[in-house]
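One structure is given here, and the rest of the page talks about it.
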Number of protein chains: 2
Amino acid sequence: MSRLNQFRNRLSRVERVTLQTIADRIGVSRTTVSNAFSRPDQLKEELRQRIMEVAEELDYPGPNPAARTLRRGRAGVIGVVFTEALSYAFADSYAVGFLRGLARVAEQSGTGLHLIGWPSPGVAEEVIGDAVVDGFCLFSPEGHPLVETVLRRRLPVVTVDHPYVPGVPFVGIEDRLAAREVATYLLGLGHRRIAIVAARPMAAQPIVARPRMIQDPADWLDVDLSEEHRFGAGRARLAGYHDACLEEGLAWEDVPLHRTTNDREIARRAAGQLLDLRPRPTAVIAATDEIAFGVMDVAAQRGIDIPGELSVVGFDDVPAAEPAGLTTVRQPITAKGTTAGRLLLEPSRHDPAPCVLMDHHLVIRRSTAPPP
Amino acid sequence: MSRLNQFRNRLSRVERVTLQTIADRIGVSRTTVSNAFSRPDQLKEELRQRIMEVAEELDYPGPNPAARTLRRGRAGVIGVVFTEALSYAFADSYAVGFLRGLARVAEQSGTGLHLIGWPSPGVAEEVIGDAVVDGFCLFSPEGHPLVETVLRRRLPVVTVDHPYVPGVPFVGIEDRLAAREVATYLLGLGHRRIAIVAARPMAAQPIVARPRMIQDPADWLDVDLSEEHRFGAGRARLAGYHDACLEEGLAWEDVPLHRTTNDREIARRAAGQLLDLRPRPTAVIAATDEIAFGVMDVAAQRGIDIPGELSVVGFDDVPAAEPAGLTTVRQPITAKGTTAGRLLLEPSRHDPAPCVLMDHHLVIRRSTAPPP
DNA sequence: GAGTGGTTCTGAATCGATAAAGAAGCCAAG
DNA sequence: CTTGGCTTCTTTATCGATTCAGAACCACTC
C-alpha cells in the first residue's frame, strides 16, 4: 500500500511540471522562474528566454491559477448569481441585456465572469461557497435564500433590482413608481376591467422572508398583498399597480391577479385563464415584457384584437418589445449592468453604500388603446 | 520597515479567520474543523455543532475556495471562451442559445460557468491563463489566436463549430453541406443574381493560420477563396455556397461577396452596399440570421419588397427568425450546448476524440420566392 | 577606496486548505 | 483476554505559487 502510494507520488511528481521542475532543470531558484512569467522585468532577458524554452520543452502549462490566486488573494473574477436556473436566465432578454452591460465593464478591466444559477435547492449554495471570485453581483434575488449564502462569503456585493440590503450597494429603478405610471395610464384611457399577471421567481421551494432583507425603505409594502406576493420579484411593481388603483378608486379586490414565472411559454397558461374571465378584462398589465408576449400570444391565438379588444402593457422594454409594438416601461437594462459592474470593481470603498436609482419612462406603442 | 511589516502581518493574522483560528479557539486540530465543513460524517455531531457556533461567532466566511481548489486539484468550473467581446456574445441569440444548453448540463452537475470574451488583444490571454477551471469550451474560435492559448493550459477542451482540432472533442453541424443546400435552393428558384454576406469574427487583429488547426478533413477548402476568407467563422459556409454555384454553373466571380461582423447594426452597412449594385441582386444569402435581419432592415427602409423583389436567406434559425418569416437553416442550437457540456463533463476519456455532427435542415418561410 | 545605486537573483516564509495514514478509545466477538 | 473493527480525532506532508528582505555583483562617483 504504502509502497504503491510512494510510487504513485513519485510518478505524479515526475509527471507534473511546476515552477520547481523548471528551476531545478536550469539551476535557478523557483522565484526566478516565477518572475520570468509574472514580472519579466525582474530578470535578464537572456535567462528569461532560456526559462521559457525549458518551459516549452517540459510542456509547462503556465503558473497554476489556483495557487496563484491563493497567494495573491485576488481572483480577477466576479460571480453573478441568478435565483433561477441559468438556462432560464439565458432565455430572458432582460437578464441577458444586463449581462451585456456587466460583461462590458468586466472585460475592460480583465475581469472574468462566473455565472451561477439556482437549478435546484442546494446546488448553488455549494457552488457559491466554492466560487473563486472577488465579489458577487446578485441579480434580482428578492427574498431568495441565496442572498444569505452570498452575504456569508463576506465579499463585496452589489444587488440589482431587489432587495435593498442595508450596507450593500444597490442598482435599480423606482419600480413602484413606474408600475404606478403604467396602471394610471391604463386607468386614464378608461379601462376599469384590468387584470394583472405578476412575475414570481422560479424557486422550487417556498421563499422565506429574512428580516434583514426586507427593510427596504423605498419599496416597503404598506399595502395588504397576500402573503405569497410579499416577496416575489414583482413585489414593488405590484405595489405600484395597487397604488394607482387606490388613487383612481378601483377596488383592488376587483382586480384579477395571476402569478406566473417569467417565461413566455409558462405565462401563456396564466394568460389563458385571465382571458377566460367573463366579463373579459379590457386590459392586461404584465409585470414583464416576457409575460406580456405570452399574453399577446394567447390573444392572437383566440383572435382577440390588440388593442381593439384588449390592451396589453409590459415592463422592461426588452429588444423584442419594439417590433412587437408593446407598450411598456423602458429602463436602462444594459446600463444597469455597467453600473453594477463599476460598483463592484471600483477600488474606492464608498462609505454609505451607494444606492443607484436609474431612470425609466413609459413607452407607448400599438398594444394599448381606450377600451372598446 | 520590518517592524511595520510585522505589525501588518500581525494585524492581518488577527483579522483573518481561517480554519486554524477556529481550531485554536476550540482546541481541536485544523483537520477536524475542515471535516466539520466538508465531511460532516467524520466527527461527532456535538463537536460539529460547537465548531459551527464558533465559526459563526468569528464570522468565518467558510473554507477558502482558492486554497480548497489548490489542494483538491479540481475547481468545479468550466471556462467558456468566445472570440468576440462578451458584450457582443450576449447580443447574439445563437451564442445565448448555446449557453442555455451548456448551462443546463453544467448546473445539473453543480459545475459553474466562467465566461471569457476577447474584448481586445491581450486581455483574454491573461484571463485564460488565470482562470481557475477544469476545462474549456471553445465557441466557434476558428483560426483565432486564443485557441493556442487555451490548448496550452493542457486541460480538457471541446470545440464548437470550428475548427476541428485533431485530438480535441468537437461539436458542430455539416456547415458546408447546409450552406450548399441554401444556395441550391435559391438557384433552384431561378435566382441568378445572388449576393452573399459572410460573417467574420470581430477580431481586432489579423488572424493567423496555425497549421495544426486547419487540418479539418470535413471542411478543408479546396476552393480558391481569397486569403481573408480562409479562416473566418463562415469559411465552411462560404465553401458550401461556392459548391452550389459551381454545380449550377454560376460563375463564382459573378457573385458579389461582402464580409461583415455578426451584428445586425453593422450588417446593415454591408447590406446597403449590396442593394446599391446595379443590376440589383434578386437574392441575398446571409451567413447568419443576425446578418439576414440587417439585410431585411435595409430592404424595408428602401421599400424593397421581400420576397417580391428580393429573397433573403439566413443561417441558424434563431428564435427571432420565425416571427420575421426568415427562410434559414435550422440547427439544434441549445442541443449543441448540452452536447458540448456533456463531452466536457463526462468522466470517461474517449480515446479517439469524439466528433459530434448534429442535424440541420432548411426551413422555408416567407422571405424567399422566385425572382421577379 | 569607501560609498552609492542599480540590477539580478536567492531563501525563507507564507497563502489556507485537504489527503493519507496513524493513534486513542471503545465495544463486541471469538 | 485479545483480536478486530469502528468511530473520532491528530499528525504530517503536501497542493503550487508569490512576497519580501537581503545577498552578490557591477559600475560609478567623489
Side-chain angles (χ1 to χ4, degrees), chain A residues 1-10 12-13 15-24 26-51 55 58 60-76 129-130 132 153, chain B residues 1-10 12-13 15-24 26-48 50-51 55 60-76 129-130 132 153:
Chain A
M1 275 294 190
S2 173
R3 237 170 299 171
L4 175 62
N5 249 303
Q6 289 214 342
F7 179 63
R8 234 192 247 142
N9 277 342
R10 216 181 297 151
S12 73
R13 213 177 278 159
E15 289 189 306
R16 199 150 233 151
V17 181
T18 72
L19 288 184
Q20 191 69 66
T21 322
I22 302 177
D24 291 350
I26 305 193
V28 295
S29 78
R30 175 166 73 244
T31 304
T32 300
V33 181
S34 170
N35 283 334
F37 284 94
S38 312
R39 312 170 150 194
D41 55 310
Q42 293 295 301
L43 35 64
K44 264 202 348 234
E45 178 56 21
E46 202 178 291
L47 177 57
R48 204 188 71 86
Q49 292 249 343
R50 173 126 180 66
I51 290 175
L58 294 175
Y60 177 62
N64 179 302
R68 182 177 258 191
T69 301
L70 173 59
R71 184 63 243 236
R72 297 220 249 231
R74 203 195 92 88
D130 261 354
V132 183
R153 284 282 310 265
Chain B
M1 279 291 189
S2 173
R3 236 171 300 174
L4 175 62
N5 249 303
Q6 290 214 342
F7 180 64
R8 234 192 247 142
N9 277 343
R10 216 180 299 151
S12 73
R13 215 177 278 160
E15 289 189 304
R16 199 151 232 150
V17 181
T18 72
L19 288 183
Q20 190 70 65
T21 322
I22 302 177
D24 292 349
I26 304 191
V28 294
S29 77
R30 177 168 71 242
T31 303
T32 299
V33 182
S34 170
N35 283 334
F37 284 94
S38 312
R39 313 169 148 196
D41 55 310
Q42 294 295 301
L43 34 65
K44 266 208 334 239
E45 179 56 22
E46 202 178 292
L47 177 57
R48 204 188 71 85
R50 172 124 179 68
I51 289 174
Y60 176 63
N64 180 301
R68 183 176 257 193
T69 300
L70 173 60
R71 185 63 246 236
R72 293 217 247 225
R74 204 195 91 89
D130 262 353
V132 183
R153 285 282 309 266

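Proteins come first, then strands; the chains are lettered A, B, ... in the order of their sequence lines, and each starts at number 1.
- Taking 4.0 angstrom as the limit, Arg16(B) places a side-chain polar atom (N or O) nearer than this to OP1 or OP2 of dG16(C).
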Tell me which donor-acceptor pairs under 3.5 Å the side chains of residues 62-69 of chain B have, and how far apart each pair is, sequence neighbours excluded?
unit_1: Asn64(B); atom_1: OD1; unit_2: Ala66(B); atom_2: N; d: 2.8
unit_1: Asn64(B); atom_1: OD1; unit_2: Ala67(B); atom_2: N; d: 3.0
unit_1: Arg68(B); atom_1: NH1; unit_2: Asp130(A); atom_2: OD1; d: 2.8
unit_1: Arg68(B); atom_1: NH2; unit_2: Ser38(B); atom_2: OG; d: 2.9
unit_1: Thr69(B); atom_1: OG1; unit_2: Pro65(B); atom_2: O; d: 2.7

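- Sequence order on DNA chain C of the closest nucleotides to Glu45(A) and Ala67(A) puts Glu45(A) first from the 5' end.
- For the pair Lys44(A) NZ and dG6(C) P, the computed distance is 19 Å after rounding to whole Å.
- Contact record, Thr32(A) with Leu43(A): O-CD2, 3.3 Å, taken as the closest heavy-atom pair.
- Side-chain N/O atoms of Arg30(B) and base N/O atoms of dT10(D) include no donor-acceptor pair closer than 3.5 Å.
- Within a 6.0 Å sphere centred on CD of Glu45(A), other residues, nucleotides and ligands contribute more than 12 heavy atoms.
- Counting to the nearest Å, the C1' atom of dC9(C) and the CD1 atom of Ile51(A) are 10 Å from each other.
- Residues Arg153(B) and Pro61(A) approach most closely at O-CB, 3.6 Å, considering heavy atoms.
- The Leu70(A) side chain lies nearest to dG16(C) when the options are dC9(C), dT10(C), dG16(C).
- Nearest to the side chain of Pro63(B), among dT18(D), dA17(C), dG16(D), sits dA17(C).
- Nearest approach of Arg30(A) to Leu19(A), heavy atoms of both residues: CG-CB, 3.9 Å.
- Going from atom CG of Asp130(B) over to atom P of dT18(D) covers 9 Å, rounded to whole Å.
- Between Val132(B) and Ala75(B), the shortest heavy-atom contact is O-CB, 3.5 Å.
- Contact check, Thr18(B) against dG16(C): no side-chain N or O comes under 4.0 Å of OP1 or OP2.
- Protein atom CD of Gln20(B) is 11 Å distant from nucleotide atom P of dT10(D), rounded to whole Å.
- Rounded to whole angstrom, the span from the CG atom of Leu19(B) across to the P atom of dA19(C) amounts to 12 Å.
- When all heavy atoms of Leu58(A) and Val17(A) are compared, the pair lying nearest together is O-CG2, 3.4 Å.
- Distance from the side chain of Arg71(B) is smallest for dG16(C) among the nucleotides dG16(C), dT10(C), dT10(D).
- No hydrogens or angles were tested; on distance alone, nothing pairs the side chain of Arg72(A) with the base of dT19(D) as donor and acceptor under 3.5 Å.
- Computed from coordinates, the Asn64(A) CG to dA17(C) P distance equals 17 Å when rounded to whole Å.
- Between Tyr60(A) and dA17(D), a side-chain N or O to OP1/OP2 separation shorter than 4.0 Å is present.
- Residue Ile26(A) contributes atom CD1, which lies 10 Å from atom P of dT10(C) at whole-angstrom precision.
- Under a cut-off of 6.0 angstrom, the local environment of CZ in Arg48(B) is crowded, with over 12 non-hydrogen atoms contributed by other residues, nucleotides or ligands.
- Residues from residues 32-43 of chain A that place a heavy atom under 4.0 Å from any atom of DNA chain D, listed by number: Ser34(A), Ser38(A), Arg39(A).
- One atom, CZ of Arg68(B), and another, C1' of dG16(D), lie 18 Å apart when rounded to the nearest Å.
- Each of dT19(D), dA17(C), dA17(D) was ranked by its minimum atom distance to the side chain of Thr31(A); first place goes to dT19(D).
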